[in-house]
Amino acid sequence: MGGSPVADRVLEPGADESDPSAGPDSSPEHPLMVLTGVSKIYGVGEIAVHALREVDFKLELGDYLAIIGSSGSGKSTLMNIIGCLDQPTHGSYWLDGIDVGSLDDYELSYIRNRQIGLIFQSFNLIPRTTVARNVELPLIYARLPKAERRERARAAIEAVGLGNRGSHVPSELSGGQQQRAAIARAIVTEPAIILADEPTGNLDTASTRDVLEIFFRLNAAGRTIVMITHEPDVAAHAKRVIQVADGQIVADMRQAPVAGPPPAPESVSPEHLQVAHT
Amino acid sequence: MSIFESVRMAVHGVLANRLRSFLTLLGISIGVASVIILVAVGRGSASAVQKQIEGLGTNLLTIQAGGGGFGRRASSSIRFTFMTTKDVKALQDKTAAPDIKSATPVVSASSVTASRDVATVTPDTVAGTTPSYQEARKADISEGTFITAADVTGHARVVVIGTTISQDLFGSSDPIGQTIKLNGANYTVEGLLKSKGSNGFQDQDSIVLLPLTTAQDFLVGHSGQLNQILVVATSPGTVDAAESEATAILTPNHSNSDGSAAFSVLNQASLLQTTSASTHTFTVLLAAVAAISLFVGGIGVMNIMLVSVTERTREIGIRKAIGARKADVLGQFMTEAGLLSVLGGIAGVAAGFVGGQFKIVGVQPVIQAYSVALALGVGVAVGLFFGIYPANRAASLRPIDALHYE
Ligand SMILES: Nc1ncnc2c1ncn2[C@@H]1O[C@H](COP(=O)(O)OP(=O)(O)OP(=O)(O)O)[C@@H](O)[C@H]1O
Ligand SMILES: [Mg+2]
């Protein structure tokens, strides 16, 4: 794998360390992500759907971004592109100084494995496979030795508060526990970026608070977070909020500086929590 | 991803759907087992036939009057001719026929009844002959003596009988020295032949042999006509020379008007060659049938792998989203296909060995090492080959498509 520039880059000591803010591209002149004129069109001719229209967008290392917008506005489409799961129809996407459009399948796998941690609304744990094994999986694909894998998986499971659930299979867990297991899997390779598509969409308020607390700690530790949400209360925890409508970014609000800590999780309105519990 | 991890994931995949994995495995193992067993049956029947022909003696030439030309030649060209003891004498001439070790006259009597008290039997073969018959036909004696030269010159009223006749007439008691009747006349049992079993057409132990002269006196008459002359060559290597010498000696007295031989010479050695060629064809044919079932087993693997890939499309999407490479997914599914076919192959070899212990349609199978290796190798290769397409399909899925698969 030494032949791949991306692999070498990602493998560099420091790039994979737990303090990504020390990385070389943290200055505003070299943002973590740069999207230029990104469009995504599904289908052709009459039935063509313009899910994204000429989106220009930058994101800095260490930021905590919430993407809001009505259903069908193109949020997930944007997320899939920045998560390297899908490619834009037009436009370019640069991640950490690399043109993602120029990467081959192998290099994209590497980015997905080491740079990005993905969290989904529907958890997407592998069924009939224990939490420990699910969390270990990205490390298996990263070809880490077994002992190190075990240790890091255990630490990640511990970090999301599932210390005693490692040997359970997903069907034996609550939704909140499954989402925490999924977060453990997303952070186990210590990626610089956490991408979450409606991570709290299927959760109750208590589990939502757990997830937001984990995100708070991750961002405070320097990880960049991008989160799609429908809930304004959830978006309130981000440092920056963008609103997407009809495939375009229609609003971009900064709630807290990139450099500082994110808005504290305690700011989840207590009244709201009370209402939800009754 | 290490081999160990690939195998671990494959085992997980196989165990996730046990019944389906078992059925797939069954397809491969039936294929492998049938190749092993059918090749063993082919080989078994070939060696059985070979043994029988060798039992007749590979140095042996059987000469009969008539000779294969009846259909071809006009009836006017056929001279009625038969073999006589004079021909036997001529064949025994060492100068004219240096490669002929012995020539034995044989007369056969048909529909002869053998009896003792109330027990009656109709032997398949009743033949008059001379002592050299014993060597020509490999007619070993288990008790008593074979027909002697003195018996022939003395027109002795003695018989040598096969085990079937002995069983039918004497049960378990010793027949030597006892008397039996042939068409009502008395004969003393002088010898008991060793059992030869069936040659597939008739019971070779249902036989009564008596001196040539005695048979002519009482059973076939004195026409001098012989049914067969058995010629034994000096060695297996001189069979062909002996055949041409015999043909040269007999042709002047036994030819059709167009000069062709009016007799036939049956060469056991060439018969053996022909038969082994045809049994080889038979074995190949059986193996081909078995190979088809192996192929069908492979298609079974492909079918199951396709179902498995379709069913686990979402899982493949998740794996790709967390960093699985194309090679990882390919490896996982190929290992799964490989595992199914290796397990199926091993089960098939076991079943083949068990099945090969039993007689199948009267043939004792002889398991061939090459067929075991071939069946196992081809079985695994077929399983892997048919696993390539589904595995490649899984590996080539775009993560986003796989994730959104319903
Ligand atoms: N694979 C696809 N094929 C065709 N059209 C698609 C596909 N994926 C998304 N779309 C369309 O693109 C548009 C944007 O979809 P997207 O999933 O990005 O919306 P979203 O903002 O995430 O909505 P939601 O909040 O409901 O998740 C929608 O109109 C959708 O129908
Ligand atoms: Mg969406």
Side-chain angles (χ1 to χ4, degrees), chain A residues 1 4 7 10 40 42 76-77 79-81 83-87 104-130 133-146 149 169-170 182 184-189 191 195 197, chain B residues 1-22 304 307-336 339 391-406:
Chain A
M1 57 180 73
S4 156
V10 179
K40 182 72 188 179
Y42 291 111
S76 295
T77 305
M79 181 74 92
N80 292 335
I81 288 171
C84 298
L85 292 177
D86 205 356
Q87 243 116 45
D104 62 19
D105 193 66
Y106 175 91
E107 292 164 327
L108 285 173
S109 302
Y110 214 97
I111 299 258
R112 288 195 287 261
N113 188 238
R114 299 293 181 94
Q115 295 267 77
I116 295 166
L118 283 165
I119 298 162
F120 306 89
Q121 179 174 357
S122 51
F123 322 135
N124 276 345
L125 294 169
I126 293 177
R128 294 186 297 268
T129 304
T130 62
R133 180 84 182 152
N134 259 291
V135 173
E136 201 184 328
L137 215 48
L139 302 176
I140 289 174
Y141 293 128
R143 284 142 176 87
L144 253 61
K146 191 170 178 173
R149 275 187 344 233
V169 293
R185 186 178 64 187
I187 63 174
V188 76
T189 54
L195 301 180
D197 191 344
Chain B
M1 200 167 54
S2 71
I3 300 285
F4 176 76
E5 284 302 336
S6 296
V7 171
R8 189 172 161 172
M9 283 182 195
V11 169
H12 203 271
V14 166
L15 291 182
N17 213 318
R18 281 156 220 254
L19 178 61
R20 210 164 63 191
S21 302
F22 171 74
I304 289 308
V307 171
S308 179
V309 165
T310 310
E311 218 179 56
R312 285 151 70 190
T313 302
R314 214 178 146 81
E315 176 192 322
I316 294 164
I318 299 169
R319 287 178 186 275
K320 289 204 140 185
I322 61 174
R325 299 174 196 167
K326 192 174 167 173
D328 293 329
V329 178
L330 192 69
Q332 181 187 343
F333 283 88
M334 285 303 286
T335 312
E336 206 170 307
L339 195 71
N392 200 50
R393 201 158 110 162
S396 306
L397 282 170
R398 294 195 323 141
I400 190 70
D401 296 336
L403 270 174
H404 287 166
Y405 184 85
E406 294 300 328

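Below, read A as the first sequence line, B as the second, and so on, with proteins coming before strands; counting in each chain starts at 1.
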Item to check | For A/N124, all residues meeting side-chain hydrogen bond (donor to acceptor under 3.5 Å, both in side chains), sequence neighbours excluded | outcome: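 In terms of side-chain hydrogen bond (donor to acceptor under 3.5 Å, both in side chains), with neighbours along the sequence ignored, A/N124 is linked to B/R314.
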Roughly how far, to the nearest 0.5 Å, is [atom2] of [Y] from [atom1] of [X]?
X	Y	atom1	atom2	value
A/E136	B/E5	CD	CD	6.5 Å
B/N17	A/R128	CG	CZ	7.5 Å
A/D86	B/L403	CG	CG	10.5 Å

I'd like to check [X] versus [Y] (side-chain heavy atoms, cut-off strictly below 4.5 Å). Are they in contact?
X	Y	value
A/I140	B/R8	no
A/Q87	B/I400	no
B/K326	A/D104	no

Checklist entry - Non-hydrogen atoms of chain B under 4.5 Å away: do they reach the side chain of A/L125, the backbone, both or neither? => result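 Only the backbone of A/L125 comes within 4.5 Å of chain B.
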Checklist entry - Taking atom CZ of B/F22 as the centre, does the number of heavy atoms from other residues, nucleotides or ligands within less than 6.0 Å exceed 12? => result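 Counting neighbours around CZ of B/F22, 12 or fewer heavy atoms of other residues, nucleotides or ligands fall under 6.0 Å, so no.
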Nearest heavy-atom neighbours spanning [X] and [Y]:
X	Y	answer
A/R112	B/P399	NH1-CG, 3.6 Å
B/G323	A/Y141	O-CB, 3.8 Å
A/S109	B/A324	OG-O, 3.5 Å

Item to check | side-chain contact (heavy atoms from CB on, under 4.5 Å) between B/H404 and A/N80, intermediate numbers included | outcome: CA-CA 11 Å; B/H404 287 166; A/N80 292 335; 3.9 Å; yes
Item to check | Option in A/L144, A/T129, A/I126 with maximal non-hydrogen atom pairs under 4.5 Å from chain B | outcome: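 Of A/L144, A/T129, A/I126, A/I126 has the most heavy-atom pairs under 4.5 Å with chain B.
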